[in-house]
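Right, one structure below, let's go through it.
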Amino acid sequence: MLAIKKEGIILEKTLLGFEIDGVLNPAVIMHEGAIHIFYRAVGKGNYSSIGYAKLKSPFEVEERKDMPLIFPQIEYEEHGVEDGRIVKINETFYLTYCAYDGVNALGALATSTDLLHWEKQGIIVPQIMFDEFKRLAETRGRINEKYLRYNSHDRIRERKGKKVWVWDKNVLFFPRRVNGKLLFLHRIKPDIQIVSINNLNELTAEFWQSYLLQFADSIVIEPKYEHEISYIGGGCPPIETDEGWLLIYHGVHDTIHGYVYCACAALLDLENPQKELARLPYPLFKPDLKWELTGEVNNVCFPTGAIVDNDTLYIYYGAADERIACVSLHLPDLLTELLLNLK
């Protein structure tokens, strides 16, 4: 088994209004010798924004802003800007997040060249009702019945005066173009899917209709093992290694005490990331400490950011939806273990 070291809590909530109810699920990137964290900050009424902290070592906070860096400004995100992930492609930083309007939760994007000033690019996933999604996705055959269970919203078409869309979250860009294409993962429960485009302006309603007609071809990873059997979702942006793209994702399984979220690992092909090469048959790590077992949402380890320093992989995660923690492990050991579990 792999040696995983739980390094402890890195950030906790404060008495500041924008983060008084919790800090969790951080986007993390190393840039110019510092570790930058863009974390979900939760205020009263479950209104979320993105806070910012800078670390001078993997566990040592050097700076932390006392106001949100990114916050709800537009109708589609009026109830929350949540769960960021970040990569740098050429000279541009891509920060994806979940935009929540009180009814719908959809993947959105903001871009920056300096990590300080962000330009919102809007929702980049399909805005589609379940009946249309099902009709398109089943053009070539039936889809997993879990798509119905998790996305039909009890056939409710409107709530609070808003159309009810299929929820599409956990958007993760690859940190470079692959074969000239921009790639990102996204998640319509229960699986993880992939998108390949030349430019962001391709993401039109017509693009998504065509994409959904071939929906089965877009699925990268499906739930397989007991610890992830309910559903899975993208965690940290893919990390390029000699062996393939390392994907740290979350797996969820239902218990008599509710859902349990754990961190999982898989390896994708470098030139064809839609191809899964290997997957750990057990959780990389799971809730077992008090502050992971008990919080705003119990039994949660939710990985969203990672850095590699020499041969050490640091994974930052939301613990029980209330605080941010970190684990460390030897990256070559993880790759070796994955290669023992090739498909």
Side-chain angles (χ1 to χ4, degrees), residues 1-12 23-40 52-64 83-88 172 175 227-228 234-251 260-268 278-293 295 299-341:
M1 294 288 286
L2 286 162
I4 308 289
K5 184 179 180 183
K6 291 194 172 179
E7 301 286 358
I9 298 169
I10 307 300
L11 290 175
E12 296 194 78
V23 297
L24 59 152
N25 303 355
V28 181
I29 194 166
M30 184 180 286
H31 179 64
E32 295 183 344
I35 300 167
H36 303 267
I37 294 187
F38 303 85
Y39 60 88
R40 178 178 172 184
Y52 171 81
K54 183 167 71 173
L55 308 185
K56 59 182 178 181
S57 72
F59 322 120
E60 189 176 2
V61 178
E62 179 180 40
E63 175 188 347
R64 184 173 179 179
D83 302 349
R85 277 80 160 193
I86 189 170
V87 299
K88 186 182 183 186
L172 320 172
H227 62 276
E228 61 185 22
C236 310
I239 298 168
E240 187 171 5
T241 76
D242 290 341
E243 307 298 341
W245 292 103
L246 173 62
L247 180 64
I248 306 298
Y249 63 100
H250 66 263
V260 175
Y261 285 72
C262 60
C264 310
L267 204 59
L268 309 178
R279 186 188 321 199
L280 290 187
Y282 55 84
L284 185 59
F285 60 94
K286 60 184 179 180
D288 56 18
L289 300 176
K290 180 179 179 181
W291 38 270
E292 298 165 339
L293 296 169
N299 301 310
V300 173
C301 288
F302 195 87
T304 48
I307 62 167
V308 178
D309 189 5
N310 294 316
D311 279 339
T312 301
L313 174 64
Y314 298 94
I315 302 172
Y316 296 84
Y317 64 100
D321 273 18
E322 194 169 311
R323 50 195 72 85
I324 293 167
C326 180
V327 304
S328 65
L329 64 150
H330 192 53
L331 178 58
D333 289 349
L334 173 56
L335 295 175
T336 298
E337 188 74 6
L338 280 164
L339 293 174
L340 294 175
N341 292 279

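These numbers were taken from a predicted model, which means no experiment stands behind them. Values below: all heavy atoms of this structure, side chains included; hydrogens, waters and symmetry mates excluded.
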What's the shortest heavy-atom distance between Gly318 and Asn25, and which atoms?
-> CA-OD1, 3.4 Å
Inter-residue atom distance Ile35.CD1 - Lys54.NZ, 0.5 Å rounding = 11.5 Å
Between the NZ atom in Lys286 and the NE2 atom in His227, the distance rounded to the nearest 0.5 Å is 9.5 Å
Value rounded to 0.5 Å, distance of CG in Leu331 from OG1 in Thr241 | 7.0 Å
Below 4.5 Å, heavy atoms only, C-beta onward: do Leu24 and Tyr39 meet side chain to side chain?
-> no
Short question: side chain of Glu60, backbone of Ser57 - any donor-acceptor pair under 3.5 Å?
-> no
For the atom pair CG (Asp288) and NZ (Lys6), what is the distance rounded to the nearest 0.5 Å?
-> 3.5 Å
Pairs meeting criterion salt bridge (Lys or Arg N to Asp or Glu O under 4.0 Å) with involvement of residues 31-40, two or more places apart | Arg40-Glu82, Arg40-Asp83
How many angstroms lie between CD in Glu63 and OH in Tyr52, if you round to the nearest 0.5 Å?
-> 5.0 Å
Quick one: closest heavy-atom pair of Glu228 and Cys264, and the distance?
-> OE1-SG, 4.0 Å
Search all heavy atoms of Glu12 against all heavy atoms of Ile9 and return the closest pair with its distance.
-> CG-CG2, 3.4 Å
Main-chain N/O of Leu11 paired with Arg64 side-chain donor or acceptor, under 3.5 Å = no
Min side-chain heavy-atom separation Glu243-Leu338 under 4.5 Å | no
Count the heavy atoms belonging to other residues, nucleotides or ligands that lie under 6.0 Å from CG of Asp242, then report whether that count exceeds 12.
-> no
Taking all non-hydrogen atoms of both residues into account, name the closest pair between Cys301 and Pro287 and its distance.
-> SG-N, 3.5 Å
Just do the side-chain contact (heavy atoms from CB on, under 4.5 Å) check on Leu267 and Leu247 with the steps written out, would you?
-> CA-CA 6 Å; Leu267 204 59; Leu247 180 64; over 6 Å; no
Would Phe285 and Tyr317 count as a close aromatic pair, with their ring centres under 6.0 Å?
-> yes
Taking the side chain as every heavy atom from C-beta outward, state whether Val28 and Thr304 have any pair of such atoms under 4.5 Å apart.
-> no
Donor-acceptor under 3.5 Å (Asp333 side chain, Leu329 main chain) | no
Pair Tyr282, Glu337: side-chain N/O donor-acceptor within cut-off below 3.5 Å = yes
Check: His36 side chain, His31 main-chain N or O, donor-acceptor pair, under 3.5 Å = yes
State whether the side chain of Arg279 and the backbone N or O of Asn341 hold a donor-acceptor pair below 3.5 Å, judged by distance alone.
-> no
Kindly indicate whether the side chain of Lys88, heavy atoms from C-beta on, has any atom under 4.5 Å from the side chain of Ile29.
-> yes
Which distance, rounded to the nearest 0.5 Å, do you find between the CG of Leu313 and the CG of Leu335?
-> 9.0 Å
If every non-hydrogen atom of Ile239 is compared with every non-hydrogen atom of Ala306, which pair is closest and at what distance?
-> CD1-CB, 4.0 Å
Show your working on side-chain contact (heavy atoms from CB on, under 4.5 Å) between Ile315 and Ile307 and close with a plain yes or no.
-> CA-CA 7 Å; Ile315 302 172; Ile307 62 167; over 6 Å; no
Over all atoms of both residues, closest heavy-atom pair of Leu172 and Gly235 = CD2-O, 3.3 Å
Do the ring centers of Phe59 and Tyr314 come within less than 6.0 Å of each other?
-> yes
